[in-house]
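I have placed the structure first, in the form of structure tokens, so that the comments after it can refer back to it.
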Amino acid sequence: MLHELLVSLPEEDFVYLGDTARFPYGERTPQELEGFAMQIAEELLRRRVKLLVVACNSATAAALPALQSRMLQTTLGVDVIGVVRPEALQAVATTRSGRIGLLATPATVDSGAYDRAVQSADPHVTLTSVPCPDLAPIIQAGGAGGDLFDEHLVDVVRASCAPLRDAEVDTVILGCTHYPLIRPLLQRALGRGVAIVSSGAALARQAEHALTSRGLDTRRTGEGTYSFLSTGDPEAFRALGTRFLQLPLGPVEQVLPTADGALLLP
């Protein structure tokens, strides 16, 4: 997600907060996810962000309305955009048969957020959703230097894609931002005739529109900056993030979750 934003909006400054201490989000309750998202939003507000991008499908599904309400209470009002709606719109525009599949975490599937987004875009489209509790943790662990592309991952991918093949979908939404990292495996399991939709490019376009419509886009030229915060181990975050982003991360600042709903410097 950040890679797409850096490519599409190179002049802007970005601050990315990764909640690695509480990963994975996929089997958290909606109440937990909303609480985590509000903590993160408050920390980013303290850093004077002008746009909040929720680059997590589970957090978007559970907390987007609450985040949008909170951000409107700020002095200038900070827009909040999430990953669900851009993907749903892109999938509806892509499908030829009207049969769309979704691979996502259990929390995202259970929320019904994609069902609502797809039905809002086109009530005649059907959505087949498959909860994948194991995929994101496997990708996260493998991305840090382990053997990601092993037979266990292949078996999990095949099992996850089987219901979508049975449903004869022609378009599949990758409803977790980890999944594009194994896109070739997913494409092989789904078949070459199935279109795969991920949120990066669509969300980057929405972020650009959100900034320009309010005159908040930067007027400078050249590359902006990007910096990182992590609730977990900064060195582990740097190792994982470098592999995922394929750009140098530089220093990673740690912030710690507290019981009273704040993030503090250690």
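Listed for the Thr60 side chain is a donor-acceptor partner under 3.5 Å among the backbone atoms of Val54. At distances below 3.5 Å, not a single donor-acceptor pair connects side-chain atoms of Glu27 with backbone N or O atoms of Pro106. In this structure, Thr95 contributes its side chain and Ala91 its backbone to no donor-acceptor pair below 3.5 Å. Under the 3.5 Å distance criterion, the side-chain polar atoms of Asp79 are left unmatched by any main-chain donor or acceptor of Leu51.
For the residue pair Ala62 and Leu33, the shortest heavy atom distance occurs at CB-CB, 3.7 Å. Here the closest non-hydrogen pair linking Cys176 and Asn57 is CA-OD1, 3.2 Å. Closest approach of Ala159 to Pro163, counting heavy atoms only: O-CD, 3.3 Å. Closest approach of Gly82 to Pro86, counting heavy atoms only: O-CD, 3.3 Å. Here the closest non-hydrogen pair linking Ser111 and Arg116 is O-NH1, 2.9 Å.
Counting heavy atoms from C-beta on, the side chains of Thr231 and Phe237 never come closer than 4.5 Å. In this structure, the side chains of Leu256 and Leu263 stay at 4.5 Å or more apart for every pair of heavy atoms. At a threshold of 4.5 Å between non-hydrogen side-chain atoms, the residues Cys161 and Leu186 count as touching.
Here Lys50 pairs with Glu12 in a salt bridge; the nearest charged N to carboxylate O distance falls below 4.0 Å. Using a 4.0 Å cut-off between a side-chain N of Lys or Arg and a carboxylate O of Asp or Glu, Arg70 and Glu34 do not qualify as a salt bridge. Of the charged side-chain nitrogens involved, none lies within less than 4.0 Å of a carboxylate oxygen, so that Arg205 and Glu208 do not count as a salt-bridged pair. The pair Glu42-Arg46 fails the salt-bridge criterion, with no side-chain N (NZ, NE, NH1 or NH2) lying under 4.0 Å from an Asp/Glu carboxylate O.
Defined by atom type and a distance below 3.5 Å, a donor-acceptor pair is missing between the side-chain atoms of Thr212 and Asp217. Inspection of the Tyr114 and Glu87 side chains reveals an N or O donor paired with an N or O acceptor under 3.5 Å. Side chains of Thr105 and Thr108: a donor-acceptor N/O pair is present below 3.5 angstrom, by distance only.
Residue pairs meeting the salt bridge (Lys or Arg N to Asp or Glu O under 4.0 Å) criterion with at least one member in residues 15-24, sequence neighbours excluded: Asp19-Arg22.
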Derivation and outcome, side-chain contact (heavy atoms from CB on, under 4.5 Å), residues Phe228 and Leu245: CA-CA 12 Å; Phe228 297 90; Leu245 189 62; 3.8 Å; yes
Chi angles and distances behind the side-chain contact (heavy atoms from CB on, under 4.5 Å) call for Ile182, Leu153: CA-CA 9 Å; Ile182 58 166; Leu153 174 61; 4.0 Å; yes
side-chain contact (heavy atoms from CB on, under 4.5 Å) between Phe244 and Ile139, intermediate numbers included: CA-CA 10 Å; Phe244 283 5; Ile139 296 167; 4.2 Å; yes
Pair Gln90-Leu203, side-chain contact (heavy atoms from CB on, under 4.5 Å): steps then yes or no: CA-CA 10 Å; Gln90 186 177 343; Leu203 190 77; over 6 Å; no
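Side-chain rings of His178 and Phe23 approach one another, their centers coming within less than 6.0 Å.
Put simply, Phe36 and Leu67 are part of the same group of oily side chains (I, L, V, M, F, W, Y) that touch within less than 4.5 Å, one to the next. Under the 4.5 Å side-chain heavy-atom criterion for grouping Ile, Leu, Val, Met, Phe, Trp and Tyr, Ile40 is connected to Met38 within one hydrophobic cluster. Placement of Val194 and Ile100 in two distinct hydrophobic clusters is found when ILVMFWY residues are connected by side-chain heavy-atom separations under 4.5 Å, directly or transitively. Cluster membership check: Leu103 shares its hydrophobic cluster with Val157, using side-chain heavy-atom separations under 4.5 Å among Ile, Leu, Val, Met, Phe, Trp and Tyr. Under a hydrophobic-cluster definition in which Ile, Leu, Val, Met, Phe, Trp and Tyr are linked whenever side-chain heavy atoms come within less than 4.5 Å, directly or via other members, Leu102 and Val125 are assigned to the same cluster.
Residue-environment remark: CZ (Arg188) stays at or below the threshold of 12 foreign heavy atoms within 6.0 Å. Other residues, nucleotides and ligands contribute over 12 non-hydrogen atoms within 6.0 Å of the CD atom of Gln73.
Listed by chain and number, the residues in a ring pair (Phe, Tyr, Trp, His ring centres under 6.0 Å) with Phe14 amount to none (sequence neighbours excluded).
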